[in-house]
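One structure is given here, and the rest of the page talks about it.
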2 protein chains.
Amino acid sequence: MIAPVIQDSIRVLQTQGYKVTKPRRQVLGVLEEAQKSLSPYDIQRILRQRGKYLNHVTIYRILHLFCRLNLAHKVLSAGGFVKCVLDKKEGCHRFLICRCCGTLQEFADDELCQHEKKLAQNSGFHTEYHLSESLGICSDCSKKQ
Amino acid sequence: MIAPVIQDSIRVLQTQGYKVTKPRRQVLGVLEEAQKSLSPYDIQRILRQRGKYLNHVTIYRILHLFCRLNLAHKVLSAGGFVKCVLDKKEGCHRFLICRCCGTLQEFADDELCQHEKKLAQNSGFHTEYHLSESLGICSDCSKKQ
DNA sequence: TGCTAATTGCAACAATATTACAATTAACCT
DNA sequence: AGGTTAATTGTAATATTGTTGCAATTAGCA
């Protein structure tokens, strides 16, 4: 059973003329399972635990490709890469990152995006890409405390 | 003539019980002059050109401190550190970064911050810190083209 | 199945970041 | 002003992260 997010990502690779290789599928899988952001070396470690070896250079190249294709995204607050689950037609990425458990969720809000772009436009700035990260405590962690 | 932003930063250091050392003043100065984000090694290079040598370890430590005190900020889209010019009472940082000239401007919008926090709150997430980066083209660069 | 361009692995290296400990210095005190 | 001390910086060594060129491999296609 392959997750739909991965199916979609594979379709993107194909339609853009990129090969669907074993390493790419493996990285997609690891990113999809993780509910948090992973560094390239994290991904390597996880795969190695499963007896699969990928060279770190390969992982870097795959992650760069995924980011270019909007299949993954780099986050600053968590210092790694995440699998994107939402379409990014607006070039707008929003993440909620829990500083307790590291869990990361992606959310979308078109209105907010538009508003943000408009504000920038007011000072003559044309936005091509927008990134928003909120660092805090998720509902699960705040319940536990 | 010392820039007011630096004066303010020095005051923050003092009131928080940190020493106002030569290295800290130098890093503050370099960050303030730059209209774009600088990596720790960028800062070292710039100072060296002026005949001032700072160890990179020192620069890292200073930058960490500045970030903790909200005097500087790390940006993902530009991959370096910037001097903050606005008060960050809300723990909310917004930057416009030009992908042509690298220029970076900080802006504030309380309403946007509140709205963003509220949206997160709807899914039980409590925001402590928020980061927003818009990558695009500044007015100067779009005129030139 | 064989061909070919795309992709991966490898090796070497470059850049970035951290740690422990010794040397220095800013801020405070008479 | 000069001495004291805790905070800060420098040094050295090391760890981590990221990049490049080139040879080996493989996915996708005829």
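Remember, predicted model here, so these are calculated numbers, not experimental data. Here is the naming used below: chain letters follow the sequence lines, and residue numbers restart at 1 for every chain.
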How many Å lie between [atom1] on [X] and [atom2] on [N], as a whole number?
| X | N | atom1 | atom2 | result |
| --- | --- | --- | --- | --- |
| Leu54(B) | dT16(C) | CG | P | 17 Å |
| Leu13(B) | dA26(C) | CG | C1' | 12 Å |
| Tyr18(A) | dA6(C) | OH | P | 10 Å |
| Leu65(A) | dG18(D) | CG | C1' | 17 Å |
| Ile62(B) | dA17(C) | CD1 | P | 15 Å |
| Arg25(A) | dT7(C) | CZ | P | 14 Å |
| Ile10(A) | dG28(D) | CD1 | P | 10 Å |
| Arg45(A) | dT16(D) | CZ | C1' | 10 Å |

Of all residues at least two apart in sequence or in a different chain, which pass the disulfide (SG to SG under 2.5 Å) check with Cys92(A)?
Cys113(A)
Distance-only donor-acceptor test (3.5 Å): side chain Tyr41(A), base dG18(D):
yes
On a plain distance test, is the side chain of His56(B) in donor-acceptor contact with the base of dT11(D) below 3.5 Å?
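Absent.
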Map Pro23(B) and Arg61(B) onto DNA chain C by nearest heavy atom, then report which one ends up closer to the 5' terminus.
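So the residue in question is Arg61(B).
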Taking the nucleotide of DNA chain C with the closest heavy atom to each, which residue, Pro40(B) or Lys22(B), is nearer the 5' end?
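The answer here is Pro40(B).
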OP1 or OP2 of [N] sitting under 4.0 Å from any side-chain N/O of [X]?
| X | N | answer |
| --- | --- | --- |
| Thr21(A) | dA6(C) | no |
| Lys19(B) | dT24(C) | no |
| His64(B) | dT18(C) | yes |

Between Val57(A) and Ser39(A), which residue's closest nucleotide on DNA chain D lies nearer the 5′ terminus?
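First, find each residue's nearest nucleotide; the 5'-ward one identifies Ser39(A).
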What nucleotide among dA13(D), dC10(C), dT11(D) has an atom nearest to a side-chain atom of Asn55(A)?
dC10(C)
Checking contacts here: which listed nucleotide (dT16(C), dG10(D), dT19(D)) is nearest the side-chain heavy atoms of Thr58(B)?
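Among dT16(C), dG10(D), dT19(D), the one nearest the side chain of Thr58(B) is dG10(D).
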Indicate yes or no: at least one non-hydrogen side-chain atom of Phe66(B) is less than 4.5 angstrom from one of His73(B).
no
Check whether any side-chain heavy atom of Arg94(A) lies under 4.5 Å from a side-chain heavy atom of Glu106(A), and answer yes or no.
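No. Closest side-chain heavy atoms not under 4.5 Å.
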Tell me what Lys74(A) touches on the nucleic acid: a base, only sugar-phosphate, or nothing, going by heavy atoms under 4.0 Å.
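Here Lys74(A) touches the backbone only, sparing every base.
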Counting any heavy atom closer than 4.0 Å, what does Val20(A) reach on the DNA or RNA strands: base, sugar-phosphate only, or nothing?
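Sugar-phosphate: the residue Val20(A), judged by heavy atoms under 4.0 Å, touches backbone atoms but no base.
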How does the hydrophobic cluster around Val57(A) look, that is, which other residues are in it when side-chain heavy atoms under 4.5 Å mark a link?
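Members besides Val57(A): none; it forms no cluster.
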Under the side-chain hydrogen bond (donor to acceptor under 3.5 Å, both in side chains) rule, what do Ser132(B) and Glu116(A) come out as? Steps first, then yes or no, please.
CA-CA 9 Å; Ser132(B) 162; Glu116(A) 191 124 27; 2.7 Å; yes
